[in-house]
2 protein chains.
Amino acid sequence: MPRPTKQSPERGDARTRLLEAARDVIRQKGFAATSVDDLCQSAGVTKGAFFHHFKTKDALGVAAANYWAETTSALFAGAPYHKPDDPLDRVLAYLDFRKGIIGGETFEYTCLVGTMTQEVHDSAPAIRDACAASIFGHAATLEADIEAARAQRGIDAEWTAESLARHTQAVLQGGFILAKATGDSDLARESVDHLIRYVRGLFGLDVEPQTSTTREN
Amino acid sequence: MPRPTKQSPERGDARTRLLEAARDVIRQKGFAATSVDDLCQSAGVTKGAFFHHFKTKDALGVAAANYWAETTSALFAGAPYHKPDDPLDRVLAYLDFRKGIIGGETFEYTCLVGTMTQEVHDSAPAIRDACAASIFGHAATLEADIEAARAQRGIDAEWTAESLARHTQAVLQGGFILAKATGDSDLARESVDHLIRYVRGLFGLDVEPQTSTTREN
DNA sequence: TACTACATACCGACCGACCGGTATGTATGT
DNA sequence: ACATACATACCGGTCGGTCGGTATGTAGTA
């Protein structure tokens, strides 16, 4: 009987290791293409451990989305872009921060919940809702700074802070898709650059069009 | 032997019907979650017909991406946004056209190749490349108008036409993700509105920030 | 301290359903 | 007659999920 007396290393954290494996493997292969065995192997646990912690594969999907929401919330909450006193500077620092963390391998910088949303939006409402909560919850953390910047500068905008916050997430998600299409993270950063230029323009910073011959036209 | 003498309706177009089924079903369920049997049932053909026309499921994925590229090329080539004499008007008319065709059910307006890219970018290079060719091939059709608009207006830009064309696709793809997250196509249109505002700003059209008290500041 | 009772965490063999793909046969047009 | 375009049956393998069992830790009791 091949019962290994040597128990698994770090007993008790199988759940976390599965969630971390899900975070990385699903970003590489997608949710449907990732098997439970894939996750167990990547996490170094057995199938029994998997179904001890998660009732179904879908339940793991929900848990992975929630884990993503928690960990990214902590990451952004502790990021330095909150430092500036000027709210607009905070918004621009946020965008710069987002741009800065794009790089390396695709599975390292792309968004788990964006990936899962795309796949399961029509077939697994529970996962989709958990993903949506993560995306829009994060967007909501931008809203206050955007609105404060708008009010402070007296911008009489046709757009709302809520809408612009959502748009930033759309641009990021779209940039990730282009990056995946070519395997080049530059394409994601490129779209963030356009987004930064857009936001600066909305707030009247120096992005007015310049003619090559004259600045008046 | 339950061999139905009644042959399938419209013999000879099984391939096209499979491609159309793939276009719609994959947009709903994703590529990996769509089985060959799903496609056959949706197309009203048998598994034999499927493997007669496509060597593997992946080969269908490539063919579906190419079919998507062909049909959308035809759609955009025949669209009315090419009419204006002014190249910038054509660009803005394109964006308006894109906005106008967003609506209804998710699987009716979202992008097949964007969806597939997200899923298979790391595991099926052939499909990914076919998707990338569709996305960037379409972006390239915008490049001429954008560059013409830039040259005509003498804009001394920090961005390239190629980059802006790619960004339009990123915004659309990202908008689709947000729309899928909530089931509401308004979110996709909302991001296109931001994109339109951005492009207008790049070309000096009336989107300068307005303070609520005065237009000078 | 020693023993019991019990919950939690985990193991891995196993199951039935389903998957992509194949083998083989047949209807139809030329 | 022959090639093309299908249909049907089926295979080997993989999938998500189940289940009986076993370590391990903890609380209670005496």
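In what follows, chains carry the letters A, B, and so on, assigned in the order in which the sequence lines appear, proteins first and then strands, with residues in each chain numbered from 1.
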Checklist entry - Which of parallel (below 30°), tilted (30 to 60°) and perpendicular (above 60°) describes A:F97 and A:Y81? => result tilted

Checklist entry - Do the side-chain N and O atoms of A:H194 and B:S163 include a donor-acceptor pair separated by under 3.5 angstrom? => result yes

Item to check | A:A49 side chain, from C-beta outward: closest of D:dT8, C:dC11, D:dG17 | outcome: C:dC11

Item to check | Residues within residues 34-43 of chain A bordering DNA chain D, heavy-atom distance below 4.0 Å | outcome: A:T34, A:S35, A:V36

Next on the checklist: Closer than 4.0 angstrom, basic N to acidic O: yes or no for B:E158 and A:R197?
Outcome noted: yes

Checklist entry - Quick one: A:D13 CG to C:dT8 C1', roughly how many Å, whole number? => result 15 Å

Checklist outcome for this item: B:K57 atom NZ is separated from C:dC19 atom P, nearest whole Å, by 10 Å

Next on the checklist: Check for me whether the distance between the ring centres of A:Y94 and A:H82 falls short of 6.0 Å.
Outcome noted: no

Checklist entry - Can A:K57 be said to sit on top of A:F31's aromatic six-ring, NZ or CZ under 6.0 Å from centre and within 45° of the ring axis? => result yes

Next on the checklist: Check this for me: A:Q41, atom CD, are more than 12 non-hydrogen atoms of other residues, nucleotides or ligands nearer than 6.0 Å?
Outcome noted: no

Checklist entry - Is there a residue in residues 21-29 of chain A whose heavy atoms reach under 4.0 Å of DNA chain D, and which residues are they? => result none

Distances for protein N or O near nucleotides 10-12 of chain D N or O, under 3.5 Å:
none

Item to check | B:F51 CZ to C:dG21 P, straight-line distance once rounded to whole Å | outcome: 5 Å

Checklist entry - Could you state the CZ-C1' distance from B:F54 to D:dC6, rounded to the nearest angstrom? => result 13 Å

Checklist entry - So, are A:K99 and A:D96 salt-bridged, with charged N and O less than 4.0 Å apart? => result no

Next on the checklist: Quiz question: by atom type and distance under 3.5 Å, do the side chains of A:D38 and A:S35 form a donor-acceptor pair?
Outcome noted: yes

Checklist entry - Hey, is the side chain of B:H52 poking within less than 4.0 Å of OP1 or OP2 on D:dA5, counting only N and O atoms? => result yes

Checklist entry - Ring centres of B:Y198 and A:W159 under 6.0 Å apart? => result no

Checklist entry - Taking NZ, NE, NH1 and NH2 as the nitrogens, is one of them in B:E147 or B:R150 under 4.0 Å from a carboxylate oxygen of the other? => result yes

Checklist entry - Below 4.0 angstrom from OP1 or OP2 of D:dC6, is there any side-chain N or O of B:H53? => result yes

Item to check | Euclidean distance, atom CZ of residue B:F50 to atom P of C:dC19 [Å, nearest integer] | outcome: 13 Å

Next on the checklist: Can you give me the closest heavy-atom contact between A:V171 and A:S191, atom names plus distance?
Outcome noted: CG1-O, 3.6 Å

